[in-house]
Amino acid sequence: MSPQEPSFEQRVWLVVDAIPYGNVASYGDIALLAGHPRAARQVGRILKSLPNTSLLPWHRVISQQGKISLPGSQGSKQIDALRKEGIDVTQAGKIDMKRYRWRP
DNA sequence: GGCATGACATTAG
DNA sequence: TCTAATGCCATGC
């Protein structure tokens with residue numbers, strides 16, 4: 001029979017869930033680990049579509065430039081959540097990727 | 001099957 | 001450092 005491979009969406013869930021505490025990953029990395037090196041945009045769309053019941057650490061996913069791509073109150077929440085994990089976030093919402101980037 | 005959208009990435013100025 | 005333009009790809013209508 002034909003085992004239906006998990007959707008890109010579900011792969012993203014798995015990858016995001018694998019990000020360890022105190023580390024962050026970029027959309028491009030998520031897409032890459034999910035099997036689609038250039039589907040970073042879809043990652044953002046998927047995370048946006050996440051149900052509030054999901055326990056995924058989506059706040060550990062940021063842009064490659066170490067900047068929060070989610071403006072508004074949600075962005076502030078993300079920054080706050082990252083700081084609670086020991087990640088240093090500048091006042092401009094900038095993060096040192098060289099230091100916190102997740103290396104599988 | 002085609003068109004529009006998007007929590008991005010990269011390059012140029 | 002910041003802004004603008006271009007590319008790439010899955011999803012939804």
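To find a chain, count down the sequence lines: A is the first, B the second, and so on, and within it residues start at 1. Below, all heavy atoms of this structure are taken into account, side chains as well, without hydrogens, waters or symmetry copies.
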In terms of side-chain geometry, is the basic nitrogen of R101(A) or D96(A) positioned less than 4.0 Å from the acidic oxygen of its partner?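 So R101(A) does not pair with D96(A) through a salt bridge.
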
Do S76(A) and Q74(A) have side chains that get closer than 4.5 Å, going by heavy atoms?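 No, side chains not in contact.
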
More than 12 non-hydrogen atoms from neighbouring residues, nucleotides or ligands closer than 6.0 Å to CZ on R83(A), yes or no? yes

Does L56(A) form a side chain to side chain contact (heavy atoms under 4.5 Å, CB included) with V61(A)? I'd like the steps, not just the answer. CA-CA 10 Å; L56(A) 291 175; V61(A) 183; over 6 Å; no

What protein N or O atoms touch nucleotides 10-13 of chain B N or O atoms at under 3.5 angstrom, if any, and at what distances?
none

Distances under 3.5 Å between protein N/O atoms and the N/O atoms of nucleotides 8-11 of chain C, please, pair by pair.
unit_1	atom_1	unit_2	atom_2	d
dC8(C)	N3	R41(A)	NH1	3.3
dC8(C)	N4	R41(A)	NH1	3.3
dC9(C)	O2	Q42(A)	OE1	2.8
dC9(C)	O2	Q42(A)	NE2	2.5
dA10(C)	OP1	H36(A)	ND1	2.8
dT11(C)	O2	R45(A)	NH1	3.2

Should W58(A) and M97(A) be counted in the same cluster of Ile, Leu, Val, Met, Phe, Trp and Tyr side chains packed under 4.5 Å apart?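 Both belong to a single hydrophobic cluster.
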
Please determine if a side-chain N or O atom of S63(A) lies less than 4.0 Å away from the OP1 or OP2 oxygen of dC8(B). no

Base-paired stems that DNA chain B participates in, counting runs of 3 or more Watson-Crick or G-U pairs under 3.5 Å: B:2-6 with C:9-13, B:8-13 with C:2-7

Separation of W58(A) atom CH2 from dA7(B) atom P, in whole Å? 13 Å

What is the separation between atom NZ on K94(A) and atom P on dT1(C), rounded to the nearest whole Å? 6 Å

Worked verdict on I62(A) versus Q78(A) for side chain to side chain contact (heavy atoms under 4.5 Å, CB included): CA-CA 9 Å; I62(A) 59 181; Q78(A) 182 172 11; 3.7 Å; yes

